[in-house]
Amino acid sequence: KGCVRRFTPTRLPPCTVLEAPPGKNACPQHAGKVADLYCSACECALCEDCVSEHEEHPKVALSQALEQHRSSLQEKLGTHTNICSVLPQISDTLSFVKEILQQLTNQRASIEEDIQSSFEDLHKQLDVRKSVLLMELEVTYGLKQKVLQAQVDNLIRGEGDIMASCTQSEEALAGEACVASLQVEQELQERLGELTCLGLPCQPEENDQLDLVMETDGLRKSIHNLGTIVTTSAVASQSEAMGAGLEQCIVGHPASVTIVTRDKSGGACKSGNAILSAEVFTPDGSIVDGEIVDHKNGTYEFVYIVPKEGDFSLALRLYDQHIKGSPFKLTVSSSEGAKRRGKSPGQKKKGSKRASSALGTPRRKTQNPIEDDLIFRIGTKGRNKGEFTNLQGVAASSSGRILIADSNNQCVQIFSNEGEFKSRFGVRGRSPGQLQRPTGVAVHPSGDIIIADYDNKWVSIFSCEGKFKAKLGSGRLMGPKGVSVDQNGHVIVVDNKACTVFIFQLTGKLIAKFGSRGNGDKQFAGPHFAAVNKNNEIIVTDFHNHSVKVFTPEGELVLKFGSNGEGNGQFNAPTGVAVDINGNIIVADWGNSRIQVFDGSGSFLSYINTSADPLYGPQGLALTSDGHVVVADSGNHCFKVYRYLQ
């Protein structure tokens, strides 16, 4: 007997846009029936058997409904195309946030090293506090890392959802419109609508700041509260600025701007210590310095003075990112009675000019109709050899070379003592061996060239031929401005942003540091450059405190002199500094556009006559091996060499 196999029909899986329907416009409720109507209320296709159940509902022809839904999907896809256009922005943001996350991790490692080294020389009872600090670091890092990692995951997930929905919509539109695909297309519409409203975070939701404040003064009396992990939740995209100084100011008069820091949700930050930078760019590309005051409540004040009229740009950055509205357009105008700047000290000072000597270089009266100490000047604005854009630091070697930190050209140019161009080196970038904003330069006794890179936040060491050798201070420095070398071959770094002086070995090991922001004897407000005298004392120009301070290598104040003004011995923001063989201190007075000379005790001696070719915003200053003074005349885009009688 043959075996009879009974055929049992199986339930077919739901039709997808990639599968052919069992019958065109087949009614999903009644087998064998063809749907020709569409219930707008229930959003479903109807056959003749379905009509009675939807008698009071509005209905349209199925063909019309299919066309309407097809048009709606097409419109959503058009919106989705705009969504796709944000993919490059998401990709850029993803890379940027990953970079911040990596910097945060690096900063954590650097601070951990600082904590360990700070506790090495302390007694066993400090181990408890050390553990507390390390735990606080881990917790703070974990909270910030969690926010950044969540944003990374969110961006990756959103990127994938957008790309997948785009592909599915295009496949749906490529297929034939039918009842079976209706539900899929409706779901795609809803998904596209959700993606449109998703609002992926395209700005960093955290920052990479992790700082350690470790004060050792009075350590044994305050051991219980030693050390603090410093950070904020401020982000640039939410922070804002206000005040009249955003739009206009008067030549030579202080103007101010208030910055309010906010977190990723727009909430006002209640603590200070955020890393802010502010710059006013003049029309010729040079930079006007100003002072940022931290009110320790999440708000900051930027005070600046612009020395000439014109249209300027004011850039306000938080963690190297522009805040809302930055850069701002700034108009600087004159007012009646404003004092004309650039007047020679010899025309407005009571002090007498230092007499010339038969030992000095003969004057070139044909080149300098007004009797003057100028020997020669080199440079104009530009990017070629012997041209400069915002030159800053100056150094002189014992081998008869003058070195110029050409800040906005991202290089160092080298000349002979006679002004003959010899060489230059430097490649713009943010990797080791590259320069982003060189501001200070010094020559080590070994012949190595030391460069402070303000924007890269480290100090680079190059050979005398310009070959990169190493970097130091990465992870510790916030904005190194000036560099010098002491009698022991240690590198002195003036950190303009941190208001701190760091002392490193050439290997990069930190020997000591001192200073903080403020107007006290051991505090600074935007310090610029440093020099070292024969007693190995460190002389620092305190820009916004309008003074010069002398310290021991351990950071103890030895001497302070200067006040704000235009008189002999007064300053309007001192910058470059050098010391001669007799211990006399030579200071570039930026705001008064002059060079003053003091004895080792800070008493005013004289000035260098610059009447014939006035300075405009002098920066770095050094003594050449043949005994002349070389100064970076930043506003005039050149350096000048003056006769100096020691």
Side-chain angles (χ1 to χ4, degrees), residues 99 102-103 106-107 110 208 275-279 281 285-287 289 315 317 319-321 383 388-395 403-414 423-444 448-485 490-510 513 526-530 540-541 543 575-576 619-620 622 632 634:
E99 180 182 348
Q102 183 60 50
Q103 290 172 347
N106 293 343
Q107 192 74 347
S110 176
D208 60 345
I275 300 177
L276 276 165
S277 64
E279 296 173 333
F281 292 88
S286 58
I287 298 173
D289 286 290
R317 294 182 179 89
Y319 301 107
D320 289 331
Q321 303 167 52
R383 297 190 175 277
F388 308 98
T389 307
N390 192 30
L391 66 169
Q392 295 278 308
V394 176
L403 294 84
I404 307 292
D406 192 0
S407 183
N408 287 14
N409 286 334
Q410 292 86 29
C411 69
V412 169
Q413 300 199 45
I414 303 176
S423 64
R424 72 174 180 178
F425 64 89
V427 176
R428 179 179 182 178
R430 295 187 178 274
S431 299
Q434 297 179 322
L435 301 175
Q436 189 65 24
R437 188 177 165 190
T439 52
V441 61
V443 180
H444 194 270
D448 288 340
I449 299 171
I450 304 166
I451 302 172
D453 195 327
Y454 191 90
D455 281 356
N456 277 334
K457 303 178 184 179
W458 62 56
V459 172
S460 295
I461 312 296
F462 291 83
S463 69
C464 58
E465 294 83 17
K467 183 179 179 181
F468 176 71
K469 299 179 71 173
K471 67 174 182 176
L472 57 85
S474 180
R476 287 189 172 93
L477 302 174
M478 295 169 60
K481 173 80 173 182
V483 287
S484 186
V485 180
H490 296 153
V491 179
I492 313 297
V493 183
V494 181
D495 194 324
N496 176 267
K497 278 189 179 180
C499 295
T500 302
V501 174
F502 291 83
I503 305 176
F504 294 94
Q505 290 182 350
L506 204 58
T507 59
K509 181 180 179 180
L510 180 64
K513 64 178 180 178
H528 268 48
F529 294 98
V540 183
T541 52
F543 189 86
T575 48
Q619 287 278 349
S634 185

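One-based numbering along the sequence shown.
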A side-chain contact here means heavy atoms from C-beta on lying under 4.5 Å apart; do [X] and [Y] qualify?
X	Y	result
W458	L472	no
I451	L435	yes
K497	Y454	yes
V494	N496	no
I450	V485	yes
Q619	L391	no
I492	V483	no
F425	I414	yes

Closest non-hydrogen atom pair between [X] and [Y], with its separation:
X	Y	result
P432	K471	CG-NZ, 4.0 Å
T439	K481	OG1-O, 2.9 Å
R437	D453	N-OD1, 3.0 Å
G440	A405	N-CB, 4.3 Å
N409	R383	OD1-NH1, 2.6 Å
A530	S484	O-CB, 3.6 Å

Is the shortest distance from a Lys or Arg side-chain nitrogen in [X] or [Y] to a carboxylate oxygen in the other one below 4.0 Å?
X	Y	value
D455	R428	no
R424	E465	no
D448	K469	yes

Rounded to the nearest 0.5 Å, how far does [atom2] of [Y] lie from [atom1] of [X]?
X	Y	atom1	atom2	result
S474	R476	OG	CZ	9.5 Å
C499	M478	SG	CE	8.5 Å
E99	D208	CD	CG	8.5 Å

side-chain hydrogen bond (donor to acceptor under 3.5 Å, both in side chains), that's the test. Do Q410 and N408 meet it? Break it down for me. CA-CA 5 Å; Q410 292 86 29; N408 287 14; 5.6 Å; no
Take I449 and V441, measure what side-chain contact (heavy atoms from CB on, under 4.5 Å) needs, and give me the verdict at the end. CA-CA 7 Å; I449 299 171; V441 61; 3.9 Å; yes
Decide side-chain contact (heavy atoms from CB on, under 4.5 Å) for L276 and R317; before the verdict, give the C-alpha distance in whole Å, the side-chain angles of both, and the deciding distance to 0.1 Å. CA-CA 6 Å; L276 276 165; R317 294 182 179 89; over 6 Å; no
Q413 vs D406, side-chain hydrogen bond (donor to acceptor under 3.5 Å, both in side chains): CA-CA, chis, key distance, verdict: CA-CA 7 Å; Q413 300 199 45; D406 192 0; 3.1 Å; yes
Distance-only, no hydrogens or angles: does the [X] side chain make a donor-acceptor pair with backbone N or O of [Y] under 3.5 Å?
X	Y	value
T541	F529	yes
T500	A498	yes
H528	G526	yes
D495	P527	no

Parallel, tilted or perpendicular, as decided by the 30° and 60° cut-offs, for the rings of F468 and F462: perpendicular
Going through the checks in order, is the side-chain hydrogen bond (donor to acceptor under 3.5 Å, both in side chains) test met by S634 and N390? CA-CA 5 Å; S634 185; N390 192 30; 3.1 Å; yes
Which residues pass the salt bridge (charged side-chain N to carboxylate O under 4.0 Å, His left out) test with K467, not counting sequence neighbours? none
With side-chain contact (heavy atoms from CB on, under 4.5 Å) as the test, would you mind laying out the steps for V459 and F504 before giving the verdict? CA-CA 10 Å; V459 172; F504 294 94; 5.9 Å; no
Tested for side chain to side chain contact (heavy atoms under 4.5 Å, CB included) against I503, the lone hit among K513, K509, H490 is H490
Verdict with supporting geometry, K457 and D320, salt bridge (Lys or Arg N to Asp or Glu O under 4.0 Å): CA-CA 11 Å; K457 303 178 184 179; D320 289 331; 3.3 Å; yes
